[in-house]
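Here the structure comes first, spelled out in structure tokens, and everything after it is commentary.
Here the structure is a predicted model, which means the values were calculated and not measured. What you see below is based on every heavy atom in this structure, not just the backbone, and it leaves out hydrogens, waters and symmetry mates. The sequence lines fix the lettering, A, B, ..., with proteins before strands; numbering per chain opens at 1.
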There are 2 protein chains.
Amino acid sequence: MVTIFDVVRHAGVSSSTVSYVLNGTRRISEATRGRVLRSVAELGFHPNAGARTLAGRRSHIIALVMPLHRGVYVPIMTEIAISVTTTARRHGYDVLLVTNDEGPEGVRRVAASGLADGVILMDVELDDQRIPALRAQGTQAVLIGLPDDPHGLSCVDHDFAAAGALCAEHLADLGHREIAFIGYGSGVYQRHAGYAERTLTGFRERAGQRGLRFLDRPCEGTYESTAGTLARIVADRPRTTGFVVQNEAAIGPLLSLLHSSGRSVPEDASVVALCPEQLAEQYAPALTAVSGPTRELGRVAVDQMIRRLTDARRGAQPEDERPLLTPTLTPRQSTARLSVPKEPS
Amino acid sequence: MVTIFDVVRHAGVSSSTVSYVLNGTRRISEATRGRVLRSVAELGFHPNAGARTLAGRRSHIIALVMPLHRGVYVPIMTEIAISVTTTARRHGYDVLLVTNDEGPEGVRRVAASGLADGVILMDVELDDQRIPALRAQGTQAVLIGLPDDPHGLSCVDHDFAAAGALCAEHLADLGHREIAFIGYGSGVYQRHAGYAERTLTGFRERAGQRGLRFLDRPCEGTYESTAGTLARIVADRPRTTGFVVQNEAAIGPLLSLLHSSGRSVPEDASVVALCPEQLAEQYAPALTAVSGPTRELGRVAVDQMIRRLTDARRGAQPEDERPLLTPTLTPRQSTARLSVPKEPS
DNA sequence: TTGTAAGCGTTATCAC
DNA sequence: GTGATAACGCTTACAA
């Protein structure tokens, strides 16, 4: 194993100089800097991680806690994980993958042992059990999602209210006047209602401003429940021509129900989905959809973490930030300008 | 921070005793063992990771290198990553997520710095640049996939030959006599041909044994190339009734081409896919498919890694293992017994 | 069955 | 602008 003292001998400097050169934490003359770097390269020196962690009291590792349970769209989680990892590397950090099956004890362990300098939590629930654990340790944390009480930590999430508003806006622009909003089932609203409610609120508000008549209905996402939901909508508001689907699971059922009931999309009914781009493109017709910038979510989370760690190191109290990322609506084949309804002859 | 010396004082024992109790590396009387564990729990002691790594010369961390490039089916990679993580935890190891954008330098870094005790490589190419880097360091490595020259490291992969054989077997059992095998494009064969070729070999062999007449054709997986491939197959072998699709990208095109050319699946043509279960279920009709045990892949990789690390620690030369996991065929709606062809009236 | 103490290879404080 | 050196908190011979 190549140690710092091999470099010391090879470059003819002290170990502190080598350390300072490598960490950039002290002004070094170009001459010695060059010599040290050359020796490092020549010898293939890689500072020992354990020693570095012990002496520096930080591991340069960020723990990323991934959800396991069904119901999360895997490719999105993976994309976030990857953007977290690459962003972390750019800051000289590595990423430790922690699954949720250890529960709150998992984050406690990695934080208390100094294995990780900070923790990024994905798929946060409103009343998340891991948050008190993190606070108790004084661990730096960034959440992807918004919990009930985010004090003492930073969060980042999509601007779901803006997403809801975009849906209303788009359908209004296309001349639709009666809209149905198909939401999630009650389970979701209880567990991490945050985004579900925020979307609905944003939608409602903009729909009101644009003079839309609208209806919102919960939906479990099964074929049966979607059928029931659609039937009620048609019964209550037969002139509904626009649909906003929030529950991704209901998209497939909705499309085939519309089809089998003789309404074609987008001629007779426009459908806007709130879902990832990849999903929207899988359907036929491809769905006009509102989605947030996935990779950005990971990038921002890491940037926040780095800021917190830097502040904490300087003895400053890290600022709790809470940015919301702006979603975009991508028009595809499932929405169209409202045409004059064909009268039955 | 709670250190081992806090436990020492609280339990009235020496630091080595605490260490031995926690690591189980020495016989300890039940009495002291109990006292130590109680103190540990009471004080909430978590051994400092950096110190542990430095003193013990191992990090209890396994690096998992994930592929980034398009063309890999993300949910599968994620599933493997999760099974790697949970299995590693059962052995007291954590998992460091490494992406491939650092190239061979990434594995060199985590290994040489002692950040990771070993490296698990996913999506291995035949002539993988990271392998020489690992060998040069003497790093313990396990590959998911089979490279050209696997000496000095362990591998685990699906038994693709068995998978190919299962396809032939199934179609033969259903009475099909003329089969077309739709493979990958030339790019795949060059990059990591391993599995592509092995599958084809297994298929060929069993097809021969069962007296099938067969044809194999490469396919890039685009709609156009699939159309071309299918056209050639029909031209060369008009009586073909069974299709084996290896290139997942060609599945969608193939199904719609068969449909639009008036052959219905499974009445007129049976289709067997070589792909993950999740994918097979997404199509209409749901595909009869051969797939390997995904989670098992991660589990076995970690078990092999642990064995290598244990051996190496004992001063023994780790054994290079190379297990192949047995795939299974799940019959769904895309295959059926060959019916007597309808004569045009 | 338990204790003593010498490292492990950095970082960061102090001194120059 | 550079050097010497004392931590950092464990593990693991070696002793008893």
Side-chain angles (χ1 to χ4, degrees), chain A residues 1-37 39-40 43-61 92 109 111-115 117 309 313-315, chain B residues 1-37 39-40 43-61 92 109 111-115 117 309 313-315:
Chain A
M1 158 180 257
V2 184
T3 79
I4 200 173
F5 289 102
D6 295 321
V7 180
V8 164
R9 275 190 293 280
H10 192 275
V13 294
S14 72
S15 64
S16 44
T17 298
V18 176
S19 176
Y20 288 125
V21 166
L22 259 29
N23 295 297
T25 29
R26 192 194 246 186
R27 278 199 76 87
I28 301 281
S29 74
E30 264 318 307
T32 50
R33 203 182 111 80
R35 261 188 317 138
V36 168
L37 289 180
S39 299
V40 165
L43 299 173
F45 170 62
H46 290 265
N48 181 277
R52 209 159 91 112
T53 300
L54 181 56
R57 291 121 170 268
R58 56 164 163 174
S59 63
H60 292 272
I61 288 178
R109 184 177 61 79
S113 66
L115 218 197
D117 295 334
L309 293 174
R313 202 134 225 282
R314 288 190 185 129
Chain B
M1 160 179 254
V2 184
T3 79
I4 201 173
F5 290 101
D6 295 321
V7 180
V8 164
R9 275 191 293 281
H10 191 275
V13 296
S14 72
S15 64
S16 51
T17 298
V18 175
S19 176
Y20 288 128
V21 166
L22 259 29
N23 296 299
T25 28
R26 189 195 246 184
R27 280 199 73 88
I28 301 281
S29 75
E30 263 318 306
T32 52
R33 204 181 110 81
R35 261 186 319 138
V36 168
L37 289 180
S39 299
V40 165
L43 299 173
F45 171 61
H46 290 265
N48 181 278
R52 207 158 85 106
T53 300
L54 181 56
R57 306 155 137 156
R58 54 163 164 174
S59 63
H60 292 272
I61 288 178
R109 184 177 61 81
S113 65
L115 218 196
D117 294 334
L309 292 175
R313 201 136 226 282
R314 287 191 186 129

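- One can place CZ of A:Arg58 at 10 Å from C1' of C:dT11, the figure rounded to the nearest angstrom.
- Across every non-hydrogen atom of B:Asp117 and B:His60, the tightest pair is OD2-N, 2.7 Å.
- Atom P of nucleotide D:dG1 and atom CZ of A:Arg27 are separated by 5 Å, given to the nearest angstrom.
- A side-chain donor-acceptor contact under 3.5 Å links B:Asn48 to the backbone of B:Gly50.
- Looking at the side chain of B:Ile28, the nearest of the listed nucleotides D:dC10, C:dT10, C:dT2 is C:dT2.
- For A:Thr53 (side chain) and A:Ala49 (main-chain N/O), a donor-acceptor pair under 3.5 Å exists by modelled atom type.
- The interatomic distance linking A:Asn48 (CG) with D:dC10 (P) rounds to 17 Å, in whole Å.
- Here the CD1 atom belonging to A:Ile4 is positioned 12.0 Å from the OG atom belonging to A:Ser39, to the nearest 0.5 angstrom.
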Anything under 3.5 Å between a protein N or O and an N or O of nucleotides 4-7 of chain C, put it in a table, one pair a line.
unit_1: C:dT4; atom_1: O4; unit_2: B:Ser16; atom_2: OG; d: 3.0

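- One axis for each end of the helix from C:dT1-D:dA16 to C:dC16-D:dG1, each built from five base pairs, and the angle between them comes to 30° at 10° resolution.
- The shortest non-hydrogen separation linking A:Leu43 to A:Asp6 is CD1-O, 3.6 Å.
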(request) Show your reasoning for whether side chain to side chain contact (heavy atoms under 4.5 Å, CB included) applies to B:Arg35 and B:His10. (result) CA-CA 9 Å; B:Arg35 261 186 319 138; B:His10 191 275; over 6 Å; no
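- As a whole-Å value, the separation of A:Phe5 CZ from C:dC8 C1' is 11 Å.
- Distance CD1 (B:Ile4) to C1' (C:dT2): 14 Å, rounded to an integer number of Å.
- If you find the closest nucleotide of DNA chain C to A:Gly50 and to B:Glu30, the one lying nearer the 5' end belongs to B:Glu30.
- One distance of note links OG of B:Ser113 with CE of A:Met1; it measures 8.0 Å at 0.5 Å rounding.
- In this structure, the CZ atom of B:Arg35 is 13 Å from the C1' atom of C:dG3, given to the nearest Å.
- With a 4.5 Å cut-off on side-chain heavy atoms, A:Ile28 and A:Thr17 count as touching.
- A straight line from CE of B:Met1 to P of D:dC10 spans 7 Å, rounded to a whole angstrom.
- Regarding B:Arg33, its CZ atom lies at a distance of 13 Å from the P atom of C:dT1, rounded to whole Å.
- Across all strands, A:Ser29 comes closer than 4.0 Å only to sugar-phosphate atoms, never to a base (heavy-atom distances).
- B:Arg109 is listed as a side-chain neighbour of B:Leu115, based on a closest heavy-atom distance under 4.5 Å.
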